[in-house]
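One structure is given below, encoded as structure tokens.
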4 protein chains.
Amino acid sequence: MATKTLNVGMIGYGFMGRAHSNAYKQVGQFFPGDYRVVLKAICARDEAKAKAFAEQWGYESFETDWRKLIARPDIDAIDICTPNNVHKEIAIAAAKAGKMVLCEKPLAMDTADGREMTEAVEKAGVANMVWYNYRRIPAVTLAKRLIDEGRLGRVFHYRAKFLQDWTIKADLPQGGQGLWRLDVAAAGSGVSGDLLAHCIDTAVWLNGAMASVCCMTETFVKERLHTLTGKVEAVGIDDACIFMGKFANGSLANFESTRYARGHKAQYTFEINGEDMSISWDLHDLHRLSVYDYKDESKLRGWRSIHVTDNSPDHPYMANWWVPGLAIGYDSSFTHQVADFLTGLETGKPQGPTFRDALETQQILDCILASAKSRQWVDVPKA
Amino acid sequence: MATKTLNVGMIGYGFMGRAHSNAYKQVGQFFPGDYRVVLKAICARDEAKAKAFAEQWGYESFETDWRKLIARPDIDAIDICTPNNVHKEIAIAAAKAGKMVLCEKPLAMDTADGREMTEAVEKAGVANMVWYNYRRIPAVTLAKRLIDEGRLGRVFHYRAKFLQDWTIKADLPQGGQGLWRLDVAAAGSGVSGDLLAHCIDTAVWLNGAMASVCCMTETFVKERLHTLTGKVEAVGIDDACIFMGKFANGSLANFESTRYARGHKAQYTFEINGEDMSISWDLHDLHRLSVYDYKDESKLRGWRSIHVTDNSPDHPYMANWWVPGLAIGYDSSFTHQVADFLTGLETGKPQGPTFRDALETQQILDCILASAKSRQWVDVPKA
Amino acid sequence: MATKTLNVGMIGYGFMGRAHSNAYKQVGQFFPGDYRVVLKAICARDEAKAKAFAEQWGYESFETDWRKLIARPDIDAIDICTPNNVHKEIAIAAAKAGKMVLCEKPLAMDTADGREMTEAVEKAGVANMVWYNYRRIPAVTLAKRLIDEGRLGRVFHYRAKFLQDWTIKADLPQGGQGLWRLDVAAAGSGVSGDLLAHCIDTAVWLNGAMASVCCMTETFVKERLHTLTGKVEAVGIDDACIFMGKFANGSLANFESTRYARGHKAQYTFEINGEDMSISWDLHDLHRLSVYDYKDESKLRGWRSIHVTDNSPDHPYMANWWVPGLAIGYDSSFTHQVADFLTGLETGKPQGPTFRDALETQQILDCILASAKSRQWVDVPKA
Amino acid sequence: MATKTLNVGMIGYGFMGRAHSNAYKQVGQFFPGDYRVVLKAICARDEAKAKAFAEQWGYESFETDWRKLIARPDIDAIDICTPNNVHKEIAIAAAKAGKMVLCEKPLAMDTADGREMTEAVEKAGVANMVWYNYRRIPAVTLAKRLIDEGRLGRVFHYRAKFLQDWTIKADLPQGGQGLWRLDVAAAGSGVSGDLLAHCIDTAVWLNGAMASVCCMTETFVKERLHTLTGKVEAVGIDDACIFMGKFANGSLANFESTRYARGHKAQYTFEINGEDMSISWDLHDLHRLSVYDYKDESKLRGWRSIHVTDNSPDHPYMANWWVPGLAIGYDSSFTHQVADFLTGLETGKPQGPTFRDALETQQILDCILASAKSRQWVDVPKA
């Protein structure tokens, strides 16, 4: 039974605000532990919206100024769900105030900012985490276990794609509620920071550091109405981004992301080819892991589709849910992330990805964008 | 914003107790309406377990005697999550006490009991519902819409299977916590009541009444240790059940369920073949609906795999969840069921399945078991 | 290098005439052995068509009267590709003339006829074979090997379906070129003899004898124009057929066939569920076999999709074709069947299915049709 | 009925020799036209092997010196199935002798050689073709039709992969029978010329010219025993090759090939994303085409899996084969290629890919290899 509380103050109430809130509420029911999460306060500039969100989601209070939220002594942890361009200021302020910080991804607008943030939380000694939630999809965690057990042998290839199609429409504006991801001032970049960031985080987690990259980007729709200015303005983000490269372990990287792949809603896929085993996964069927085991008897070799839903220790996190065959959703990855964060608090061993982990992803993002600009290969500095 | 409350008292705290509780908590966050659901009390015979469940899930209180729960004036609705053999007594008592009743499926041990229960809630005029939750999987609801729009034309075939493999192990006992489904005294039947009941509920909803059936059952493992008696006893349930038949609309039925289909965890599938369109669905990939539209241009005809995750009115319930491509889980079907139940309260139009609807399924269950026994075709009485 | 010749005389030149001819031509190229097949003569009533077919396919000569073909001393084997109602007369005459007989499936119009035919070829001591070609799809043959190796353990279920949709159109006539399968006088039955015959042949081969069956049939379109009479006449065939039953080994059967399953072209599927392994196959992706092996490590259990295309002894017949990954077509199953027939001649061990094997299938067909008529369970006589 | 003959002399008798021979034999049976193909002579240096191949495949004669073959007046067309390094000499000699030339892919060792060859056949005015057979898979041809009908709208992305795993084994030698593809002297390059050549041919056919590329290659196994020298020698081929780039129409290219992708036998896939439609295909299931049509009604949008097996003009080539649902194999693509070549002879309109078409692919191959070497972007010269 929970004996401690973690009082959360969340900044932002959009898509991620809802996802995190659901996770905070579910964690004690499905992953009961020492800590009880208390939804202490939601913060948003628009008072009416903040109040409505607090009521709907059961936050005890609301704020309209994030500085006030940080200043509140009854808050243990700050959860940053804002557009990317304000992560830094909030995170550093929160760290300085001694609050734990849980920050949406990507960590920062660039590596320099990310480094300042990382140093701030480390200097303050506060628990910290970045919401790269896909690590906590049970099928993805199972992939990690197989890799950690050394089943793949020498790795030759790592491929990842994150394909969407929601910005093909040329009359979609940039900026404003739900559309800040198209505004380079708020987002910093396009699909690279929004989508490839996930792919890179998973890749580095599963396959280790990247050594070098070569990248191209494209902006298919050059101008869009800017909601904030009311004018048609140049689009500053990358609509599509492809890069190849090498991992430190010698395997080859092939990564791609776009919001112009008609027919793909949020198709994040990765595949890793090892000498002895290959593994692939697809967010569109997130409860399945595909595995090809070369050590199988030769006449029976084939890709297995593992339905990662057994309520047993075999399948990560699933013992806490339903019965075999009954899939959990995307939202559960956040619940698992919170559960692991709390385990980190209990054990003193942060479960990651920490700010430090996310900084490595940030650095690779900077390298690919630099490569796209220079049209040259770029070496990734050691983390 | 919610202006009314629905105070729930739940009896039972197993798998379904958790699924319902999660739904009650999520409904106000994802489907806010007039009603706020309050988890008033949990009831279980074992006081320690009742108390622990109440704490973990946020029930305000607990009871150890369901009669006391029903007697409490602060309870509006009774949720029955017990084994099948006690549904009747509780439901009738609750109805007499003027409580709404939400009952797990199958409604009853047989048609006679089901009819008494149905008459009780109807006589009492209380809102009632049976948890045939699969109707509320968005892909299944989308199938219903397509059918209601008349897209299928004349229907020729309806096929359904519910395949599991968890009871193959001969040393699995019957009876006791989590295993009452193998004990005929508690469950009434085996896969027919547990699994085919779901298939029949969906089928009648999608394709109308059944006219006649011919069935066979099998019990592969004839004896199992009975946990309650400590003795090896004859197994009374059906391990597998196959039936064929005719729907009132002239289409042919082919239904099968088993817990001995190695490799299938909870594979509920249905397929309906109409003159102009065919539709199929698989619980193992519950977020997808397969549709073949004969009205497509001939060279492009093929089965479409619709990822039913658009946050738009196109895809039932999904506008209230995430963004396109991000799947929700099995658990959400319960959340939708509660949302629809509340809508029924608001509008005065019960959303079903009501006890009356579930009675029709019960009658078909009785007919197939009678047919299996007599090895004869059986006509299904009109509902 | 081939040292012997097998002179073939084929009767009929339709779909199957082409499939067999292609096989006779390919066998020496891909499966060279002692025998060289010579396309000696084609026989068809229409002289112009017989001649044209002979030229297109390289037959040395043609006949218009099958009795003359059988009388020719330069013919070793008679291949019967006619409608079902003339199989018997030809086969018996061929056997009496000492010719080997290769007969299209189903063997006969009924068991009585089939028995006469079987006795005729056995009395004459001539090599004989029925074209149940699906046994020779490499993936299906691989399934047979796994079963023969005892990998499945106790078998619980065998399911088969053969679904088509080409007769939904009500203005399709019965009878005449390409449409004799709808004319009961020529075909004897509908989907049962045409499609379920395949399913039953495979099932008995893989899972042993059937003990009892219970069947229903349906004719959805009651009347069709008869091409031969020019009148609208009652349709005598079964449009759809579902049966359940028991195999001698105690496993349950669920079989279904129809030509009214919109969206399915020729979807023959089977699945067999054993205690230790399950296997399934689908003609629509005929080069794949799906296998679930319960003896796999628990966390990695899943259905494997085996791409049965390795040019090695691992994958039946494939060592004689291309390289891994390159699929062969439906037509190759006939080539394999001829190759095996020739192996039978070389070794003196018939590879089957012989007339005797096909007689067992015929008997089950008679039982299911009798059951459909009587609406009773029928025991299958021992073969 | 065929009134003309095409006398073919084939050089080489390996994998491709068999595939072409099968096609020459099938074409008159399945695609009868004005021309009858006569297998006049096979040429191989080893007399015993040449003779055996001639007998097995029905060639009228054999030669051991390709110059003699070319000199024979009874030969109309020379089919080159040799390793890449002798394509040029043979092709030019054949053209000079006035023979038609059908050459295996890739056309040449490099662009310079390819240009000489192209100029030779064009100067001689002889019919010519390169065996990029994948264009003639019915599903791929259907993709071409959809694109030609303008259904895709603006194209954003073209992705292709060709993944194999057969050279992972480090003790596989380079050079010699069946292994010349690993010997740079015989093959010219590794996966780029062997596999990506196919991907590029299809891409240029479907999506037009390429404008610029940036490439990386890798040789995972650095040394292998050379069968011809008996020594361990450096491996000169590329084991893996990834490139990105731009097409002239502005769409982005992402191509990859490797022989180190464990679990993939010959997985050639492509996907093209247009504003209005996306299309994808996979050689492992070559009879299916996946299409996503944005013009579908929004609630029914999904990827369709089209089983390209209808015996109707809807599905290219399939009217000449079997009935709907029955797939043809990889080998049939060669039969179609010959059928189209003959149609070209009949109509005077070459059906392609001609040497000129293949030269464009050769040029792109040169550019990617140059880019891999220089680690720079390379502009593709206009064809």
Side-chain angles (χ1 to χ4, degrees), chain A residues 152-157 159 161 163 165 168-170 212-218 220-221 239-246 250-256 258-265 271-280 284 290-294 296 301-304 371 375-377, chain D residues 152-157 159 161 163 165 168-170 212-218 220-221 239-246 250-256 258-265 271-280 284 290-294 296 301-304 371 375-377:
Chain A
L152 271 62
R154 181 178 172 189
V155 177
F156 298 114
H157 293 281
R159 252 166 252 115
K161 288 185 300 192
L163 308 181
D165 67 357
I168 293 178
K169 230 182 147 191
S212 58
V213 293
C214 186
C215 180
M216 76 184 293
T217 57
E218 178 66 67
F220 289 115
V221 175
D239 283 344
C241 182
I242 303 175
F243 76 91
M244 51 195 186
K246 254 196 182 175
S251 58
L252 308 193
N254 181 352
F255 283 65
E256 177 174 353
T258 180
R259 291 179 186 140
Y260 289 72
R262 182 60 79 199
H264 299 298
K265 297 178 182 183
E271 177 170 321
I272 178 163
N273 300 133
E275 191 170 357
D276 299 324
M277 183 179 272
S278 284
I279 295 175
S280 75
H284 274 200
S290 291
V291 172
Y292 182 96
D293 190 348
Y294 186 65
D296 278 347
R301 281 183 199 133
W303 284 85
R304 300 178 200 187
S371 168
R375 292 172 64 87
Q376 299 289 336
W377 279 84
Chain D
L152 271 62
R154 181 177 173 190
V155 177
F156 298 115
H157 292 282
R159 253 167 250 113
K161 288 186 300 194
L163 308 181
D165 66 359
I168 292 178
K169 229 179 146 190
S212 57
V213 293
C214 187
C215 181
M216 76 183 295
T217 58
E218 178 67 67
F220 289 115
V221 175
D239 282 344
C241 181
I242 304 175
F243 75 91
M244 53 194 185
K246 253 196 183 175
S251 58
L252 308 193
N254 182 352
F255 284 64
E256 178 173 353
T258 181
R259 292 181 185 136
Y260 289 73
R262 183 61 79 199
H264 299 298
K265 298 179 181 182
E271 178 170 322
I272 178 165
N273 301 132
E275 191 170 358
D276 299 324
M277 182 180 273
S278 284
I279 296 175
S280 74
H284 274 199
S290 291
V291 172
Y292 182 96
D293 190 349
Y294 187 62
D296 278 348
R301 280 184 201 133
W303 283 85
R304 299 178 200 185
S371 169
R375 292 173 65 87
Q376 299 289 335
W377 280 82

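Order of the sequence lines fixes the chain letters, A, B, ..., with proteins taken first and strands second; residue numbering starts at 1 for each chain. Everything numeric in this text was worked out from a predicted model, so none of it was measured.
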Chain A interface, residue from M277(D), R301(D), K246(D), K265(D) that has the most non-hydrogen pairs under 4.5 Å
K246(D)
Smallest separation among heavy atoms of F220(D) and H157(A), with atom names:
CE1-NE2, 3.8 Å
Under a 4.5 Å heavy-atom cutoff, which of I272(A), D276(A), T258(A) has the most pairs with chain D?
T258(A)
Under 4.5 Å heavy-atom distance to chain D, tell me which part of L163(A) shows up: side chain, backbone, both or neither.
side chain
Closest non-hydrogen atom pair, A240(D) against L252(A)
CB-CD1, 3.8 Å
Nearest atoms (heavy-atom pairs only) where H264(D) meets E271(A)
NE2-OE2, 2.7 Å
Region of R375(A) in contact with chain D, defined by heavy-atom distances below 4.5 Å:
both
I need the residue from F156(A), Y292(A), W303(A) with the largest number of non-hydrogen atom pairs under 4.5 Å to chain D.
F156(A)
Provide the closest heavy-atom pair for Y260(A) versus N273(D) in the form atom of the first, atom of the second, distance.
O-CB, 3.9 Å
Is it the side chain or the backbone of K161(A) that comes within 4.5 Å of chain D heavy atoms, both, or neither?
side chain
How far does CD of E256(A) sit from CG of N254(D), to the nearest 0.5 angstrom?
4.5 Å
Do R262(A) side-chain atoms and E275(D) backbone N/O form a donor-acceptor pair below 3.5 Å?
yes
Residue I168(D) versus chain A: region with a heavy atom under 4.5 Å:
side chain
